[in-house]
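Input: a single structure, listed below in structure tokens.
Note that the coordinates shown come from a computational prediction; the quantities given were computed from them, not determined experimentally. The chains referred to below are lettered A, B, ... by the order of the sequence lines, with proteins before strands, and numbering in each begins at 1.
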Amino acid sequence: MLIAVAPLGDGGAVLRRVGDDGTPVGSAEHVADLAAAVRGAERGGDVRWLWASAEVYPALVRAGVSVARCHDLELTEALLLGSEGEWGAPRRLVAAWARLNGGVVTPDPPARQPAPPGDVQEALFDPTPADAAPPGFDTLDAAVAVYAAQLGRIAGTPMPGRFRLLVAAESAGGLLAVEMGRDGLPWDAGTHDAVLTELLGEPSRVGGPPSRLGELAQEIADAFGVARVNADSPAEVLKAFRRAGYPVNSTAAWELRRIDHPAVPLLTRYKELYRIWTAHGWAWRQQWVRDGRFHPEYVPAGVVSGRWATRGGGALQIPKVIRASVRADPGWRLVVADAAQLEPRILAAVADDPGMARAAGAGDMYAALAAEAFHGDRAIAKVALLGAMYGQVGGQAAPALARLRQSYPKAFAYVEDAARTGEAGGLVRSWLGRTCPPPSASWTEGTWTGGSAAAAQDGAEGWGDPESGGNVRGSVARSRARGRFTRNFVIQATAAEWALALLATLRTRLSGTPARIVFFQHDEVIVHAPRDGTDEVVAAVHEAAASASQLLFGQTPVRFPLGVAVVESYADAK
DNA sequence: AGTTTCATATGG
DNA sequence: CTCGCCATATGAAACT
């Protein structure tokens, strides 16, 4: 049984029961207190909520209510639109309803700016504004109608059973994302201060650079024998090196590392510290940490591959040295679990390559591959596998890839097929049916620095017809880049699904316990739990991983081992 | 002055 | 001729 929810904006809502087949049961019911109604229904047993989590759930969570399951109409709409070749079309309920009724489809509102915790008045509920609703639109009726239509569309996907699993996992993720943003990541300001002071020195009173950065800047200037050089300006640094007789083309660390000059290590250190100061320093904490919790805003499926993104706070790029600040509360622990070698194991599973699946049954898959096919050279085996998944073709990858192709033809063909499809302009899907976005005009040739600049220069030098020659080669490069994208999509998107399935199971397992999932980063999850309860959490995480594997792949020789650490500080994991 | 792109760092 | 995927965040530089 489902219950469709239409919030009214005053804390109340209109509800309607819906059968699993999408037909409404009984009539609409007005409740004055949605939070109380939801709490009551959850106690009553097996119920699934029909709503868009991002719009309804934050207010409920703030009111102290959580729910076990939902069908997220918006996240599902986005999945279906992608599957139907309408990637990026408006996903909001009003738009889905308009499509259903042949009305005018209004675009989704632009994503809100990242909202630091607590500095804005948070709305009670966020119903569709009356002026934005098309004539005849009723939130409750629309939810019911769109749900029924979605059921039919799901049945029409190439693999409906898998797609249903995807919808369930995505919806659970929608709930968890709200909960995690609300709960926040335990953050110890004292430790953070100690780390910052150790690295950066004393903070400047006026908000300028801390002492160590100022000293480093002076040391850099001294190394060049000048009075001052702005280390933040690539142009100035480049000029300084050239004046000193070093013909460098950029100030990137990888290029500077190759030259021998006293300023190089100083610059590298400066940039590292500067980034910590600006992106994760005192000002950052002031903005994002409240009452000992870092509150990023998670965006499920914010990445085209289905990975989550975050808005604000840089939650998915916390530098390793800063992780010491992530500390469990007194008497509590962090259970840090990460999936080891997830993507290559996913490749072994989806390609159903017997040899590779056998290797993926080992604790160290690269070592197992090396033993079987790479003369025991683990590093080469790793290069081959990563090259196959990312589309590398040159350098040391070439011979390694040839061996991979020879020894594991089915796995090789799987990613190769995805690449060919992409190069030809086609679409690929993940294991559960998430579809990649179509090629678009905004698709660039790639991100390597030489790409477009080199092509433009070739044209100017008159390599054949400057215009058509440049275009042809540009389009080939674009097609290749597209091939690398689709090649990687089938793996990365499926890995994201596995992680999402783990999360969904783990969330269910931990409900009703004090343990909370407080962080999720692609293939890694952190649970905050009372010290006495960590054994059960560790068991739950392992079971969730096994469950994810079973849900996606059924019986398979591929193993998905987890590295699990029970620690007081995130820095102590691994 | 405000906006967009580039360069460089971080994470997986 | 060359050829490694997905992101976010910052300040400088370039552009409108």
Side-chain angles (χ1 to χ4, degrees), chain A residues 114 209 230-238 249-256 267-281 283-284 288 296-297 299 301-323 338-339 341-343 383 385-398 401 415 418-419 422-423 436-437 444-455 457-458 461 463-464 469-470 472-474 476-493 495-496 499 519-524:
Chain A
N230 182 0
D232 302 320
S233 163
E236 271 195 46
V237 173
L238 213 53
N249 293 311
S250 82
T251 59
W254 61 266
E255 180 154 355
L256 295 187
L267 273 166
T268 308
R269 185 71 177 150
Y270 179 91
K271 284 183 191 172
E272 187 187 339
L273 296 181
Y274 186 81
R275 180 181 166 76
I276 287 167
W277 173 56
T278 54
H280 295 278
W284 172 88
W288 293 104
E297 183 182 354
V299 185
V303 178
V304 294
S305 63
R307 282 180 168 185
W308 288 17
T310 57
R311 255 198 296 265
L316 302 185
Q317 298 95 233
I318 302 170
K320 294 247 166 75
V321 288
I322 295 297
R323 293 182 178 187
D338 77 301
Q341 305 168 340
L342 179 57
E343 293 198 348
V383 163
L385 212 48
L386 295 179
M389 291 190 300
Y390 293 157
Q392 190 175 11
V393 291
Q396 58 168 350
L401 280 165
V415 283
E423 285 176 10
C436 74
T444 59
E445 290 184 25
T447 50
W448 67 90
T449 6
S452 53
Q457 220 173 1
D458 282 351
E461 282 166 13
W463 198 65
V472 166
R473 275 173 297 129
V476 168
R478 244 193 307 280
S479 159
R480 294 267 163 84
R482 177 75 189 168
R484 287 193 300 275
F485 169 66
T486 51
R487 168 195 294 271
N488 185 252
F489 181 92
V490 296
I491 302 300
Q492 189 183 114
F519 191 62
F520 170 51
Q521 187 176 32
H522 310 318
D523 59 1
E524 184 176 13

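Expressed to the nearest 0.5 Å, how far CD of A:Glu343 lies from CG of A:Asp523 amounts to 8.0 Å.
A search for side chain to side chain donor-acceptor pair (under 3.5 Å) contacts involving A:Thr268 returns nothing, not counting sequence neighbours. A search for ring pair (Phe, Tyr, Trp, His ring centres under 6.0 Å) contacts involving A:Tyr390 returns nothing, not counting sequence neighbours.
Between A:Arg484 and C:dC5 there is a side-chain polar atom (N or O) within less than 4.0 angstrom of OP1 or OP2. Note on A:Lys320: every side-chain N or O is 4.0 Å or more away from OP1 and OP2 of B:dA9.
Among the protein residues, A:Leu342 comes within range of no part of the nucleic acid, since none of its heavy atoms lies under 4.0 Å from any strand. Residue A:Gln492 is classed as a base contact, given a heavy-atom separation below 4.0 Å to a base.
A distance-only check finds a donor-acceptor pair linking the side chain of A:Glu236 to the backbone of A:Asn230 [under 3.5 Å].
Counting only heavy atoms from C-beta on, A:Lys271 has its side chain closest to B:dA9 among C:dC5, B:dG12, B:dA9. Proximity note for A:Gln392 (side chain, C-beta onward) versus C:dG4, B:dG11, B:dT8: the nearest is C:dG4. Across B:dT10, B:dT8, C:dG4, the shortest atom-to-atom separation from the side chain of A:Thr251 is found for B:dT8. Nearest nucleotide to the side chain of A:Arg480, out of C:dG4, B:dT10, C:dC3: C:dC3.
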Q: For nucleotides 10-16 of chain C, just jot down a letter per nucleotide in 5' to 3' order: B, S or -, based on protein non-hydrogen atoms under 4.0 Å.
A: SSSS---

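Here the closest heavy-atom approach between residue A:Ala418 and residue A:Arg487 is recorded as CB-CA, 3.9 Å.
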